[in-house]
There are 2 protein chains.
Amino acid sequence: MQKETLCLGLLSLGPRSGYEIKQMFEGPLSDFYSLSFGTIYPTLNNLQADKYVSCKQHSQSKKPDKKVYTITKKGMDLMKDNLLGDASSYIRSGNFGDQIKSEFFLLLLFSKYIPDETMNTVLNERVLYLRQKLEQFKYDGPVPGNLDAIRNEKSVSFIRGLASALIETGLNYMEKNRHLLKKKIN
Amino acid sequence: MQKETLCLGLLSLGPRSGYEIKQMFEGPLSDFYSLSFGTIYPTLNNLQADKYVSCKQHSQSKKPDKKVYTITKKGMDLMKDNLLGDASSYIRSGNFGDQIKSEFFLLLLFSKYIPDETMNTVLNERVLYLRQKLEQFKYDGPVPGNLDAIRNEKSVSFIRGLASALIETGLNYMEKNRHLLKKKIN
DNA sequence: ATTATATATATCATTCTGATATATACACTC
DNA sequence: GAGTGTATATATCAGAATGATATATATAAT
């Protein structure tokens, strides 16, 4: 999916600044996708130049102006068009282009070169990390204003449920099978 | 993990060419990590220049010479050092740096702009794709020579078991909950 | 008083990918 | 037998993206 489609999609949830879009990537989207400031800001500028979004500058005393972008009719049309095209091409190729770079799996892969004690700590930390993630996905309380819109998306409950189920499976598997990675019998 | 550590790690399983390293990324590693030719070849050249690997050219009639790299003692030492450093820094930060960019999740996220019929086909294709992946991870028969070493790694059975469990969970969840994504009652 | 974190945009060197170039062999189809 | 597609094998590079840094201020914590 192009960065333009993605930014338009996030702006379709409501007007937002580049900084707030980044907050979505750091927050609720962090486990699925991310874009850097170096991508977000130029993309928004280009979208504005081509009238896919409009921009209102809110001058703030002494902070840089907050530039709040609103998606236009033209932008909504482009977004929907692109999404349909993406969906069709994924169907045609049968390839979803999901890209994973997991440092954790690489560490597992080469675990035979890492002392059992160190690997043990790594796995303990991973379990803690996954438990935190699980809590995050199951948490249903209030969230900061700019993240509210995405939380309330119907598709997001589907995704959160899926993520929770996957993490639970991962945790169970690790607790049951981590002994397989041991090199020496203590 | 640096590309150097990763290439050294793969060469620690046995001597290999750059092309064969790429085959590992396209094959058994494709779901966890990947590097392009544009990264692999320069990395191998640099590792050779610094004596972390040695190289034997096998001249092949009319094909380019096959350059088979072998990890040196110096290379093994660097790899182990780097792996320990990586493990320690992951433990310290509690952040595993896993990076996911999932086109499928983005499509789900914006599914309300995509017709039910199209999304239905997308989900059907995803189920087929996951079933294929599941078969791949469960398959235990013979594999091409250059992929044999990685298949026989003890850590790889752990990873394959984990991947299988995760995919099964994902498939079950999708079959049970895909109706939640529907916008209209047919 | 100092350090750290948060808001807010912008830029850019370095890194990485994805595509292309080059060259050949082999299998398949029309 | 001509053409197409796939596989082997390395190399390079334009274009894209990241991660870091710059700028400026407020607020909370130590």
Side-chain angles (χ1 to χ4, degrees), chain A residues 1-7 15-27 29-30 33-49 53 55-69 89 93 95 97-101 103 106 143-147, chain B residues 1-7 15-27 29-30 33-49 53 55-69 89 93 95 97-101 103 106 143-147:
Chain A
M1 186 176 297
Q2 288 157 240
K3 52 196 191 300
E4 287 81 10
T5 316
L6 181 47
C7 287
R16 252 163 201 72
S17 67
Y19 190 81
E20 284 167 334
I21 287 177
K22 180 64 175 169
Q23 282 181 318
M24 294 177 125
F25 284 122
E26 304 265 286
L29 294 180
S30 67
Y33 217 90
S34 188
L35 292 178
S36 68
F37 281 126
T39 299
I40 293 167
Y41 285 123
T43 300
L44 289 173
N45 286 334
N46 293 339
L47 287 173
Q48 192 192 352
V53 300
C55 177
K56 268 191 190 158
Q57 303 221 179
H58 299 243
S59 56
Q60 311 182 105
S61 54
K62 309 283 183 162
K63 265 185 273 188
D65 283 10
K66 187 171 173 173
K67 293 160 88 172
V68 175
Y69 296 90
S89 78
S93 69
N95 172 0
D98 288 2
Q99 182 211 317
I100 300 175
K101 294 209 165 182
E103 301 280 324
L106 289 186
V143 288
N146 43 322
L147 302 180
Chain B
M1 188 176 296
Q2 288 158 240
K3 53 195 190 300
E4 287 81 11
T5 316
L6 181 46
C7 287
R16 252 164 202 73
S17 67
Y19 189 80
E20 285 167 334
I21 287 177
K22 180 64 175 170
Q23 282 182 318
M24 295 177 125
F25 284 123
E26 304 265 285
L29 295 180
S30 66
Y33 217 90
S34 189
L35 291 177
S36 69
F37 281 126
T39 299
I40 293 168
Y41 285 123
T43 300
L44 289 173
N45 286 333
N46 293 339
L47 287 172
Q48 191 192 353
V53 300
C55 176
K56 267 189 189 158
Q57 305 223 175
H58 298 243
S59 56
Q60 311 183 107
S61 55
K62 309 284 183 165
K63 265 184 273 189
D65 284 9
K66 187 171 174 173
K67 293 159 88 171
V68 175
Y69 296 91
S89 78
S93 69
N95 171 0
D98 289 2
Q99 183 211 316
I100 299 175
K101 294 209 167 182
E103 301 280 324
L106 289 186
V143 288
N146 43 322
L147 302 179

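Note that these values count all heavy atoms, side chains included, but never hydrogens, waters or copies made by symmetry. In what follows, chains carry the letters A, B, and so on, assigned in the order in which the sequence lines appear, proteins first and then strands, with residues in each chain numbered from 1.
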ask   = Looking at B:Q48 and B:Y69, what are the two nearest heavy atoms and their distance?
value = OE1-CE2, 3.8 Å
ask   = Atom CG of A:N95 to atom P of C:dG18: distance rounded to whole Å?
value = 11 Å
task = Would you classify A:E26 as touching base, sugar-phosphate or nothing, given that sugar-phosphate means primed atoms plus P, OP1 and OP2, and contacts are heavy atoms under 4.0 Å?
result = nothing
request  = Assign the ring pair B:F37 / B:Y19 to parallel, tilted or perpendicular, where the plane angle (0 to 90°) is split at 30° and 60°.
outcome  = parallel
query = B:I40 CD1 to D:dA9 P: how many Å, rounded?
reply = 14 Å
query = Taking atom P of D:dA9 as reference, at what distance in whole Å does atom CD1 of B:I21 sit?
reply = 13 Å
Net bend of the helix from C:dA1-D:dT30 to C:dC30-D:dG1, end axes of five pairs each, nearest 10 degrees = 30°
Are there any protein N/O atoms within less than 3.5 Å of an N/O atom in nucleotides 11-16 of chain D, and if so, which ones and at what distance?
residue : atom : partner : partner atom : Å
D:dA11  : OP1  : B:K67   : NZ           : 2.6

message = Checking A:K3 now: which residues fulfil salt bridge (Lys or Arg N to Asp or Glu O under 4.0 Å) with it, not counting sequence neighbours?
response = none
query = So what does A:S34 touch, heavy atoms closer than 4.0 Å: a base, only the sugar-phosphate, or nothing?
reply = sugar-phosphate
task = Grab the CE-C1' distance between A:M24 and C:dT7 for me, whole Å please.
result = 17 Å
key: Side-chain heavy atoms of A:K22 within contact of A:S17, under 4.5 Å   = no
Set of residues satisfying side-chain hydrogen bond (donor to acceptor under 3.5 Å, both in side chains) with respect to A:N46, sequence neighbours excluded = none
ask   = Within the structure shown, what part of the strands sits under 4.0 Å from A:Q2 by heavy-atom distance: base, sugar-phosphate, or nothing?
value = nothing
task = Report the distance from atom NZ of A:K66 to atom P of D:dT23, rounded to the nearest whole Å.
result = 24 Å
key: Atom pair distance, as rounded to whole Å: NE2 in A:H58 and P in C:dT9   = 10 Å
Side chains of B:I21 and B:L44 in contact at under 4.5 Å (non-hydrogen atoms) = yes
message = For a 4.5 angstrom cut-off between non-hydrogen side-chain atoms, does A:F25 reach A:I40?
response = yes
request  = Apply side-chain contact (heavy atoms from CB on, under 4.5 Å) to A:Q99 and list each qualifying residue two or more places apart in sequence or on a separate chain.
outcome  = A:K101, B:Q99, B:K101
query = Residues in side-chain contact (heavy atoms from CB on, under 4.5 Å) with A:K56, at least two apart?
reply = A:H58
request  = Please determine if a side-chain N or O atom of B:Q57 lies less than 4.0 Å away from the OP1 or OP2 oxygen of D:dT10.
outcome  = no
query = Between A:K101 and C:dT17, does any side-chain N or O lie under 4.0 Å from OP1 or OP2?
reply = yes
task = Rounded off to whole Å, could you give me the CZ-to-P distance for the B:R16 and D:dT10 pair?
result = 13 Å
query = Does B:R16 offer a backbone N or O that forms a donor-acceptor pair with the side chain of B:K66 under 3.5 Å?
reply = no
Spacing of B:Y33 atom OH relative to C:dC16 atom C1', expressed in whole Å = 11 Å
ask   = Under 4.0 Å: is that the gap between some side-chain N or O of B:S17 and OP1 or OP2 of D:dT10?
value = yes
ask   = Counting only side-chain N and O atoms of A:Y19, is one of them less than 4.0 Å from OP1 or OP2 of C:dT7?
value = yes
